[in-house]
Amino acid sequence: MTTVTSPLAGLAIGLAAVPDPVFSGAMVGPGTAIDPVREPSEAVAPVDGVIVSLHPHAFVVVDANGHGVLTHLGIDTVQLNGEGFELLVNKGDTVTRGQSIVRWNPATVEAAGKSPVCPVVALEANAESLADLRDSGDVKAGDSLFSWN
(Lines give C-alpha, C1' and ligand atoms only; values in the text may rest on other atoms or scores of the structure.)
Protein backbone atom coordinates (compact mmCIF):
# COMPACT_ATOMS: atom_id res chain seq x y z
CA MET A 1 0.00 0.00 0.00
CA THR A 2 1.15 3.52 -0.81
CA THR A 3 0.25 6.52 1.33
CA VAL A 4 0.10 9.71 -0.75
CA THR A 5 0.70 12.90 1.22
CA SER A 6 -0.06 16.50 0.37
CA PRO A 7 2.60 18.28 -1.67
CA LEU A 8 1.28 21.65 -0.42
CA ALA A 9 -0.42 23.44 2.43
CA GLY A 10 -3.97 24.59 1.79
CA LEU A 11 -7.55 23.36 1.70
CA ALA A 12 -8.43 19.89 0.40
CA ILE A 13 -11.33 20.35 -2.04
CA GLY A 14 -11.57 17.08 -3.99
CA LEU A 15 -11.22 16.57 -7.74
CA ALA A 16 -14.88 17.37 -8.48
CA ALA A 17 -14.20 21.01 -7.52
CA VAL A 18 -11.26 21.44 -9.93
CA PRO A 19 -12.09 24.02 -12.65
CA ASP A 20 -10.97 21.68 -15.46
CA PRO A 21 -13.14 18.86 -16.86
CA VAL A 22 -10.19 16.51 -17.42
CA PHE A 23 -9.35 16.58 -13.70
CA SER A 24 -12.86 17.04 -12.27
CA GLY A 25 -14.05 14.09 -14.34
CA ALA A 26 -11.12 11.98 -13.07
CA MET A 27 -10.09 11.26 -16.68
CA VAL A 28 -6.43 11.37 -15.68
CA GLY A 29 -7.12 9.24 -12.61
CA PRO A 30 -8.71 9.44 -9.17
CA GLY A 31 -7.33 11.55 -6.37
CA THR A 32 -8.03 14.88 -4.74
CA ALA A 33 -7.05 18.53 -5.06
CA ILE A 34 -5.58 21.24 -2.88
CA ASP A 35 -6.50 24.92 -3.02
CA PRO A 36 -3.08 26.17 -1.87
CA VAL A 37 -2.28 28.97 0.54
CA ARG A 38 -1.49 32.14 -1.41
CA GLU A 39 2.16 32.58 -0.54
CA PRO A 40 5.49 31.55 -2.05
CA SER A 41 6.07 27.90 -1.27
CA GLU A 42 7.70 24.70 -2.39
CA ALA A 43 5.69 21.78 -3.71
CA VAL A 44 7.11 18.60 -2.19
CA ALA A 45 7.17 14.94 -3.20
CA PRO A 46 3.95 13.16 -2.14
CA VAL A 47 5.72 9.75 -2.06
CA ASP A 48 9.25 8.32 -2.06
CA GLY A 49 10.26 7.47 -5.60
CA VAL A 50 11.72 8.59 -8.90
CA ILE A 51 10.81 11.75 -10.83
CA VAL A 52 9.63 10.34 -14.19
CA SER A 53 8.08 13.53 -15.56
CA LEU A 54 9.07 17.06 -14.64
CA HIS A 55 7.73 20.37 -15.91
CA PRO A 56 7.60 23.74 -14.15
CA HIS A 57 3.82 23.30 -13.62
CA ALA A 58 3.62 19.55 -12.97
CA PHE A 59 5.57 16.49 -11.88
CA VAL A 60 5.11 12.74 -11.55
CA VAL A 61 6.80 10.59 -8.91
CA VAL A 62 6.68 6.78 -9.28
CA ASP A 63 7.11 4.83 -6.06
CA ALA A 64 8.59 1.36 -5.43
CA ASN A 65 5.15 -0.22 -6.06
CA GLY A 66 5.06 1.31 -9.55
CA HIS A 67 2.39 3.82 -8.53
CA GLY A 68 2.69 7.14 -10.38
CA VAL A 69 1.45 10.25 -8.56
CA LEU A 70 0.85 13.43 -10.57
CA THR A 71 1.01 16.81 -8.85
CA HIS A 72 -0.30 19.57 -11.14
CA LEU A 73 0.46 23.08 -9.91
CA GLY A 74 -2.57 25.10 -10.92
CA ILE A 75 -4.87 24.81 -13.92
CA ASP A 76 -3.75 25.88 -17.43
CA THR A 77 -0.42 26.90 -15.89
CA VAL A 78 1.42 25.30 -18.82
CA GLN A 79 0.45 28.55 -20.60
CA LEU A 80 2.74 30.49 -18.23
CA ASN A 81 5.75 28.83 -19.93
CA GLY A 82 7.49 28.21 -16.62
CA GLU A 83 7.33 31.82 -15.48
CA GLY A 84 7.06 31.94 -11.70
CA PHE A 85 8.17 28.33 -11.24
CA GLU A 86 11.64 27.11 -10.24
CA LEU A 87 12.61 23.44 -10.59
CA LEU A 88 14.59 22.16 -7.61
CA VAL A 89 15.28 18.60 -8.88
CA ASN A 90 15.88 16.89 -12.22
CA LYS A 91 13.97 14.23 -14.12
CA GLY A 92 15.32 10.84 -13.09
CA ASP A 93 16.22 11.96 -9.57
CA THR A 94 15.27 9.73 -6.64
CA VAL A 95 13.32 11.80 -4.11
CA THR A 96 11.95 11.24 -0.63
CA ARG A 97 8.50 12.18 0.61
CA GLY A 98 8.52 15.83 1.65
CA GLN A 99 11.52 16.74 -0.51
CA SER A 100 11.08 20.06 -2.34
CA ILE A 101 10.45 19.64 -6.08
CA VAL A 102 9.23 23.02 -7.41
CA ARG A 103 9.28 26.52 -5.89
CA TRP A 104 6.27 28.65 -6.92
CA ASN A 105 3.81 31.29 -5.79
CA PRO A 106 0.08 30.47 -6.08
CA ALA A 107 -0.76 34.19 -5.75
CA THR A 108 1.31 34.95 -8.88
CA VAL A 109 -0.51 32.18 -10.77
CA GLU A 110 -3.85 33.65 -9.69
CA ALA A 111 -2.73 37.18 -10.68
CA ALA A 112 -1.94 35.80 -14.16
CA GLY A 113 -5.59 34.73 -14.48
CA LYS A 114 -5.05 31.00 -13.81
CA SER A 115 -6.50 28.85 -11.05
CA PRO A 116 -3.88 27.87 -8.45
CA VAL A 117 -5.85 24.71 -7.52
CA CYS A 118 -3.56 21.66 -7.53
CA PRO A 119 -4.84 18.20 -8.47
CA VAL A 120 -2.97 15.29 -6.87
CA VAL A 121 -3.80 12.24 -8.98
CA ALA A 122 -3.17 8.49 -8.81
CA LEU A 123 -2.22 7.72 -12.42
CA GLU A 124 -3.57 4.54 -14.05
CA ALA A 125 -5.63 3.77 -10.94
CA ASN A 126 -9.32 3.26 -10.36
CA ALA A 127 -11.30 4.95 -7.62
CA GLU A 128 -11.84 1.62 -5.81
CA SER A 129 -8.07 1.27 -5.25
CA LEU A 130 -7.97 4.44 -3.15
CA ALA A 131 -8.95 4.65 0.52
CA ASP A 132 -9.16 7.37 3.17
CA LEU A 133 -9.49 10.05 0.47
CA ARG A 134 -9.20 13.55 1.88
CA ASP A 135 -11.49 15.98 0.01
CA SER A 136 -12.16 18.66 2.63
CA GLY A 137 -10.45 20.50 5.43
CA ASP A 138 -7.12 22.21 5.95
CA VAL A 139 -3.98 20.25 5.11
CA LYS A 140 -0.30 20.87 5.65
CA ALA A 141 2.40 19.60 3.33
CA GLY A 142 3.00 16.01 4.39
CA ASP A 143 -0.52 15.30 5.66
CA SER A 144 -2.09 12.12 4.27
CA LEU A 145 -4.36 12.63 1.22
CA PHE A 146 -5.18 9.01 0.39
CA SER A 147 -3.97 5.42 0.54
CA TRP A 148 -3.46 3.46 -2.66
CA ASN A 149 -3.80 -0.33 -2.57
Side-chain angles (χ1 to χ4, degrees), residues 1-80 84-85 87-89 91 93-110 114-149:
M1 178 170 19
T2 298
T3 297
V4 177
T5 57
S6 185
L8 304 154
L11 182 66
I13 61 170
L15 281 184
V18 175
D20 180 297
V22 172
F23 288 111
S24 64
M27 291 181 228
V28 179
T32 191
I34 307 298
D35 189 357
V37 293
R38 303 300 195 270
E39 59 190 35
S41 63
E42 293 176 358
V44 302
V47 293
D48 293 339
V50 176
I51 301 281
V52 298
S53 179
L54 180 65
H55 303 278
H57 64 279
F59 57 90
V60 175
V61 181
V62 173
D63 75 359
N65 296 320
H67 293 153
V69 179
L70 166 68
T71 299
H72 203 285
L73 301 175
I75 301 301
D76 294 330
T77 44
V78 66
Q79 297 166 4
L80 300 176
F85 297 86
L87 299 177
L88 304 174
V89 297
K91 183 177 176 181
D93 284 0
T94 297
V95 296
T96 55
R97 178 190 318 275
Q99 182 176 340
S100 297
I101 307 295
V102 178
R103 185 174 294 127
W104 74 309
N105 187 342
T108 303
V109 166
E110 201 165 46
K114 308 297 179 194
S115 169
V117 167
C118 299
V120 181
V121 176
L123 298 174
E124 298 178 21
N126 57 48
E128 295 76 38
S129 62
L130 303 188
D132 306 316
L133 188 68
R134 189 97 175 258
D135 60 7
S136 64
D138 290 328
V139 294
K140 297 185 299 291
D143 285 356
S144 179
L145 290 182
F146 53 87
S147 299
W148 187 352
N149 295 317

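Nothing fancy with the numbering, it's 1 onward along the sequence.
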Evaluate the side-chain proximity of [Y] to [X]: yes if any heavy-atom separation is below 4.5 Å, no if none is.
X      : Y      : value
Thr77  : His72  : yes
Val47  : Trp148 : no
Ser6   : Val120 : no
Pro119 : Ile75  : yes
Val28  : Leu123 : yes

How long is the span from the [atom1] atom in [X] to the [atom2] atom in [Y], to the nearest 0.5 Å?
X      : Y      : atom1 : atom2 : result
Leu8   : Asp35  : CG    : CG    : 10.5 Å
Leu133 : Ser147 : CG    : OG    : 9.5 Å
Thr108 : Arg38  : OG1   : CZ    : 11.0 Å
Asp135 : Ile13  : CG    : CD1   : 10.0 Å
Leu73  : Lys114 : CG    : NZ    : 15.0 Å
His55  : Lys91  : NE2   : NZ    : 7.5 Å

Return yes if some donor-acceptor pair links the side-chain N/O of [X] with the main-chain N/O of [Y] below 3.5 Å, else return no.
X     : Y      : value
Arg97 : Pro46  : yes
Thr32 : Arg134 : yes
Asp20 : Val22  : yes

Compare every heavy atom of [Y] with every heavy atom of [X], then report the nearest pair and how far apart it is.
X      : Y      : value
Phe146 : Ala122 : CE1-CB, 4.0 Å
Pro7   : Leu145 : CD-CD1, 4.1 Å
Gly29  : Leu15  : O-CD1, 3.5 Å
His67  : Thr2   : ND1-OG1, 2.9 Å
Val18  : Ala33  : CG2-CB, 3.4 Å
Val102 : Pro56  : CG1-O, 3.5 Å

**Report entry** From CA spacing to verdict: side chain to side chain contact (heavy atoms under 4.5 Å, CB included), Val61, Asp63
**Finding:** CA-CA 6 Å; Val61 181; Asp63 75 359; 5.9 Å; no
**Report entry** Criterion side chain to side chain contact (heavy atoms under 4.5 Å, CB included) on Leu88 and Ile101, from CA distance to verdict
**Finding:** CA-CA 5 Å; Leu88 304 174; Ile101 307 295; 5.9 Å; no
**Report entry** Step-by-step side chain to side chain contact (heavy atoms under 4.5 Å, CB included) determination, Ser41 to Trp104
**Finding:** CA-CA 6 Å; Ser41 63; Trp104 74 309; 3.6 Å; yes
